[in-house]
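The structure that follows is given in the form of structure tokens.
Just so you know, these numbers use all the heavy atoms, side chains as well, and skip hydrogens, waters and symmetry mates. All figures in this text were calculated on a predicted structure; none of them were measured in a lab. Quick note: residue numbers are just sequence positions, from 1.
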Amino acid sequence: MSKLKVMSIFGTRPEAIKMAPLVKELARHDGIESICCLTGQHREMLDSVMQIFDLQANFDLNIMEKQQTLSTITTKTILGMEHVFEVCRPDLVLVHGDTSTTFAGALAAFYHKIPVGHVEAGLRTWDKYSPFPEEMNRTLVGDIADLHFSPTKANAQNLVREGIVGEIFITGNTAIDAMKYTVRDDFRFSEPLLNELDFTHRRVIAVTCHRRENYGQPMQDIMHAVLDVVNAHDDVEVVYPVHLSPVVRQCASEILGAHDRIHLIDPIDVQQMHNLLARCYMVMTDSGGLQEEAPALGKPVLVMRRETERPEAVVAGTARLAGVDRQVIAEMASELLDSPAAYAKMAKAVNPYGDGNACARIAQAICWRFGLTDTRPADFGAQG
């Protein structure tokens with residue numbers, strides 16, 4: 001009997017981090033042929049994740065080009081998938097989250113009448129321009145998908161309110177699963193600076209800031225807030241892996257580049273990032289994924305955005321929404337540095353995003369949906 005062909009399509013580093021453990025989990029099932037298709041929306045950063053997880057792509061569209069736009073990413077992905085689907089017609093296509101690869105991959109599968117499973121389904125800010133284009137990408141994929149793998153109950157409820165058609169499963173987030181592969185006590189960084197930092201006697205803040213909606217004055221205010229925090233605390237150092245965007249790099253260099261306790265480094269791979277999170281004191285970010293990953297390691301997160309599609313972390317107490325106001329950000333960070341009680345309350349809060357078994361639940365859900373098992377997986381959090 002032929003195996004169920006499940007094709008995972010992804011193209012950016014964040015997608016790869018969260019899909020890699022799922023691709024490996026699917027490959028463990030005797031009844032499933034796990035197929036990996038890269039679009040190459042990111043290139044170098046994507047390849048490093050594949051190496052860390054010891055994965056080989058079955059197909060690679062390699063669409064990345066200089067000064068690529070949302071339109072070129074979308075159209076080149078749709079056209080590229082034409083050939084892939086001709087060569088290998090999968091029984092199910094899996095896409096992740098909210099990138100242009102996600103939307104284009106799902107749309108291409110729909111055009112070929114191939115069922116779509118949406119991993120990390122149901123996240124919403126309810127503002128189609130923030131984050132842009134992610135909010136609209138994930139909303140449109142929600143209308144296309146047949147299987148919806150929601151990290152949390154709140155995500156699933158968003159889909160129910162929208163009247164989404166298809167099966168909804170609450171799985172936890174595969175980002176937590178990924179850290180089983182990456183975090184080690186004896187890890188040595190390939191970025192020399194990170195091996196030299198004194199994580200025991202210095203309080204190291206991990207910072208990321210790259211969102212398009214923060215370009216301009218918001219980003220400048222965020223950078224100045226980070227500078228204010230470091231200037232006010234002599235034992236604090238900052239590690240900021242700076243995004244490759246020229247806009248981000250110029251802003252970071254101009255405002256933060258001259259301080260001897262602020263370390264601006266090139267982007268680091270997922271293994272280094274996860275181990276930095278494990279060793280740092282706290283996280284200040286406008287990223288989505290770090291809001292899920294850092295709490296799993298007991299690290300408080302300040303979210304430097306006006307809104308978040310991950311409100312569960314705020315409700316649980318593992319993250320606080322700091323906005324983009326310079327003074328507010330600095331005050332919230334200083335509270336965590338000056339108040340042991342405030343820090344402990346966030347560090348010890350239970351991570352709402354997963355228990356490391358999301359990939360197993362998704363694989364079981366697929367097996368159940370296609371008749372390979374009679375057992376529907378229990379929802380994440382159902383026990384409690």
What I want to find out is whether R326 reaches E331 closely enough, with some N-O distance under 4.0 Å, to be called a salt bridge.
no
Which heavy atom of I73 sits nearest a heavy atom of S100, and at what distance?
CG2-CB, 3.6 Å
Using atom types as modelled and distance alone, determine if a side-chain donor or acceptor of T72 lies under 3.5 Å from a backbone N or O of Q68.
no
Quick one: do D355 and R361 satisfy salt bridge (Lys or Arg N to Asp or Glu O under 4.0 Å)? Show the steps, please.
CA-CA 11 Å; D355 56 3; R361 291 189 185 92; 2.7 Å; yes
Table please: side-chain donor-acceptor pairs of residues 247-257 below 3.5 Å, with sequence neighbours left out.
{"from": "R249", "atom 1": "NH1", "to": "V242", "atom 2": "O", "distance (Å)": "3.1"}
{"from": "R249", "atom 1": "NH1", "to": "H243", "atom 2": "O", "distance (Å)": "3.4"}
{"from": "R249", "atom 1": "NH2", "to": "D266", "atom 2": "OD1", "distance (Å)": "2.8"}
{"from": "Q250", "atom 1": "NE2", "to": "E254", "atom 2": "OE2", "distance (Å)": "3.0"}

Would you say that I35 contacts S8 through its side chain, given a criterion of any heavy-atom pair below 4.5 Å between the two side chains?
no
Ignoring hydrogens and angles, tell me if any N or O in the side chain of Y281 forms a donor-acceptor pair with the backbone of L336 under 3.5 Å.
yes
Write out all pairs satisfying ring pair (Phe, Tyr, Trp, His ring centres under 6.0 Å) with one or both partners inside residues 303-341, taking only residues at least two apart or from two chains.
none
Using atom types as modelled and distance alone, determine if a side-chain donor or acceptor of H118 lies under 3.5 Å from a backbone N or O of V141.
no
Look at atom OH of Y111 and say whether more than 12 heavy atoms of other residues, nucleotides or ligands are closer to it than 6.0 Å.
no
Taking the side chain as every heavy atom from C-beta outward, state whether M282 and K299 have any atom pair closer than 4.5 Å.
no
Does the plane of the ring in F169 sit parallel, tilted or perpendicular to the ring in W368? Use 30° and 60° as the thresholds.
perpendicular
Report, as yes or no, whether the 6.0 Å neighbourhood of atom CD on Q56 holds more than 12 heavy atoms from other residues, nucleotides or ligands.
no
Verify, without hydrogens or angle tests, whether D91 (side chain) and V6 (backbone) share a donor-acceptor contact under 3.5 angstrom.
no
With a 3.5 Å distance limit and no angle check, can you tell me whether N275 reaches the backbone of F187 through a side-chain donor-acceptor pair?
no
Run the ring pair (Phe, Tyr, Trp, His ring centres under 6.0 Å) test against F59 and tell me which residues pass, sequence neighbours left out.
none
Treating R320 as the side-chain partner and V303 as the backbone partner, does any N or O pair qualify as donor plus acceptor under 3.5 Å?
no
Does the distance from a Lys or Arg side-chain N to an Asp or Glu carboxylate O, for E237 and R203, drop under 4.0 Å?
no
Got more than 12 heavy atoms from elsewhere within 6.0 Å of CZ, F189?
yes
Smallest separation among heavy atoms of G11 and L46, with atom names
O-CD2, 3.6 Å
Do D286 side-chain atoms and R211 backbone N/O form a donor-acceptor pair below 3.5 Å?
yes
Heavy-atom pair of closest approach, residues W126 and N158
CZ2-OD1, 3.4 Å
I'd like to check I17 versus E293 (side-chain heavy atoms, cut-off strictly below 4.5 Å). Are they in contact?
yes
More than 12 non-hydrogen atoms from neighbouring residues, nucleotides or ligands closer than 6.0 Å to CG on D54, yes or no?
no
Side chain to side chain donor-acceptor pair (under 3.5 Å) between T101 and Q41: does it pass, once the steps are laid out?
CA-CA 7 Å; T101 283; Q41 180 178 336; 2.8 Å; yes
Note, L94 side chain near I9 side chain (heavy atom, < 4.5 Å):
no
Partner set under side-chain contact (heavy atoms from CB on, under 4.5 Å) for F199, not counting sequence neighbours:
L197, V204, L276, R279
State, yes or no, whether a side-chain contact exists between L290 and V301 at a heavy-atom distance under 4.5 Å.
no
Output all residues satisfying salt bridge (Lys or Arg N to Asp or Glu O under 4.0 Å) with E25, sequence neighbours left out; order by chain, then residue number.
R28
Between the side chains of T285 and T208, does any donor sit under 3.5 Å from an acceptor?
yes
Could you tell me whether the side chain of F370 reaches within less than 4.5 Å of the side chain of L92, counting heavy atoms only?
yes
Would you check if there is a donor-acceptor pair between the side chains of N155 and R124 at a distance under 3.5 Å?
no
Working for salt bridge (Lys or Arg N to Asp or Glu O under 4.0 Å), residues E167 and R376
CA-CA 11 Å; E167 291 281 349; R376 192 186 199 277; 3.3 Å; yes
Side chain to side chain donor-acceptor pair (under 3.5 Å) between D221 and H224, worked out:
CA-CA 5 Å; D221 288 345; H224 279 294; over 6 Å; no
Identify the two heavy atoms, one from D127 and one from E135, that lie closest to each other, and give their separation to 0.1 Å.
O-CG, 3.3 Å
Looking only at atom types and distance, does a side-chain atom of T125 sit under 3.5 Å from a main-chain N or O of S130, one as donor and one as acceptor?
yes
Using a 6.0 Å cut-off, check whether atom CD of E162 has over 12 heavy atoms from anything other than its own residue.
yes
Is the closest basic N to carboxylate O distance between R138 and E120 below 4.0 Å?
no
Which residues pass the side-chain contact (heavy atoms from CB on, under 4.5 Å) test with M50, not counting sequence neighbours?
F10, C36, L38, L55, A57
If we ignore angles and hydrogens, is there a donor and acceptor under 3.5 Å between the side chains of T375 and Q364?
no
Pairing donors with acceptors under 3.5 angstrom, does anything connect the side chains of D235 and H201?
no
Crowding at CG, D30 (>12 non-hydrogen neighbours, <6.0 Å):
no
Within 6.0 angstrom of D374 CG, more than 12 heavy atoms from elsewhere
no
Does CG belonging to D185 count more than 12 external heavy atoms closer than 6.0 Å?
no
Within the side chain of K3, is there an N or O that forms a donor-acceptor pair under 3.5 Å with the backbone of G31?
no
I'd like to know if the side chain of N137 and the backbone of T99 have a donor-acceptor N/O pair within less than 3.5 Å.
yes
With a 4.5 Å limit on heavy-atom distance, are the side chains of H29 and C367 in contact?
yes
Stepwise side-chain contact (heavy atoms from CB on, under 4.5 Å) check, R89 with K5
CA-CA 8 Å; R89 185 173 178 87; K5 291 184 178 181; over 6 Å; no
side-chain contact (heavy atoms from CB on, under 4.5 Å) between V84 and M7, worked out:
CA-CA 10 Å; V84 172; M7 178 179 287; 3.5 Å; yes
Mind checking whether M81 and E86 have side chains closer than 4.5 Å, heavy atoms only?
no
If the threshold is 4.0 Å, N to carboxylate O, is there a salt bridge linking K153 and E312?
no
